[in-house]
Amino acid sequence: MPCTFVRLTGCNLRCDWCDSEYTFTGGVRLSIDEVVERVQALSPAGLVEITGGEPLLQEQEVLALMDRLLAPGYRVLLETSGERPLQKVPSQVHKIVDVKCPGSGEGGSFYTENLRSLSKNDEMKFVIAGRQDYEFAKAFSREHHLVELTGGVIFSPAFRKDASGSRDTSHCLLDPQTLAEWILADGLNVRLGIQVHKFIWDPALKGV
Ligand code: SF4
């Protein structure tokens with residue numbers, strides 16, 4: 001679905017396969033009014049995703065921005081690493097919450113209290129670079145009943161961060177076909193999440 005992205009600068013994690021390292025620094029300082037104006041210019045109604053970097057590092061401003069976008073009827077998504085507390089995020093916001101697997105280099109960063117902030121309006125996401133990550137994601141999902149607790153659990157194959165050129169699965173650190181076969185063999189009720197924009201446009205292209 002067409003979606004307007006609000007991408008915030010800064011992240012306190014350093015995932016090995018991070019494809020948005022350009023967000024660690026730089027950016028443009030904008031007031032909440034200016035962000036809302038830009039969103040309205042791009043999309044007078046519809047879907048807005050707040051992402052980063054890690055958007056909740058600017059928690060106070062991001063919470064205010066969420067309220068400003070929810071009020072006129074935007075459907076608001078939040079993409080977050082799972083390391084920051086989620087308690088204050090409005091329940092209408094659809095949270096897509098990562099749990100970092102060992103292969104990311106940031107395993108163990110998930111803030112466990114966040115499990116209490118999840119509902120059927122939210123999704124959990126594991127980016128998976130190999131079998132060890134898969135086993136971790138499977139065990140974590142089962143232990144915390146994520147399929148029952150949330151609106152969906154996503155297993156997504158990690159992409160090489162320097163991917164460019166061809167728009168195919170050769171850039172995946174784990175072949176999606178292999179991941180699909182593992183999911184089917186184990187009978188998991190999870191979704192295989194593919195970064196669709198990396199197959200439609202050049203994987204290195206920003207702003208799509
Ligand atoms: S949490 Fe997200 S933005 Fe931060 S390093 Fe990991 S993948 Fe990159």
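Just so it is clear, the model here is predicted, and its values are computed rather than measured. Every heavy atom of this structure was used, including side-chain atoms; hydrogens, water molecules and symmetry mates were not. For ligands, and for the atoms within them, numbers begin at 1 and follow the listed sequence.
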Measure the acute angle between the ring planes of Tyr134 and Phe155, then classify it against the limits of 30° and 60° as parallel, tilted or perpendicular. perpendicular
Salt bridge or not for Glu59 and Arg84, using N-O below 4.0 Å? no
A quick test of your reading: do over 12 heavy atoms of other residues, nucleotides or ligands sit less than 6.0 Å from CZ of Arg131? yes
Tell me whether Glu181 at atom CD has more than 12 heavy atoms from other residues, nucleotides or ligands lying less than 6.0 Å away. yes
Hey, which of Lys198, Lys206, Arg160, Lys161 is the one that makes side-chain hydrogen bond (donor to acceptor under 3.5 Å, both in side chains) with Asp19? Lys198
Set of residues that line ligand 1, where lining means a heavy atom lies under 4.0 Å from it: Cys11, Leu13, Arg14, Cys15, Trp17, Cys18, Ser20, Phe24, Gly53, Ser81, Lys100
Val89, Leu86, Val97 screened by side chain to side chain contact (heavy atoms under 4.5 Å, CB included) with Ser117, the one that passes: Leu86
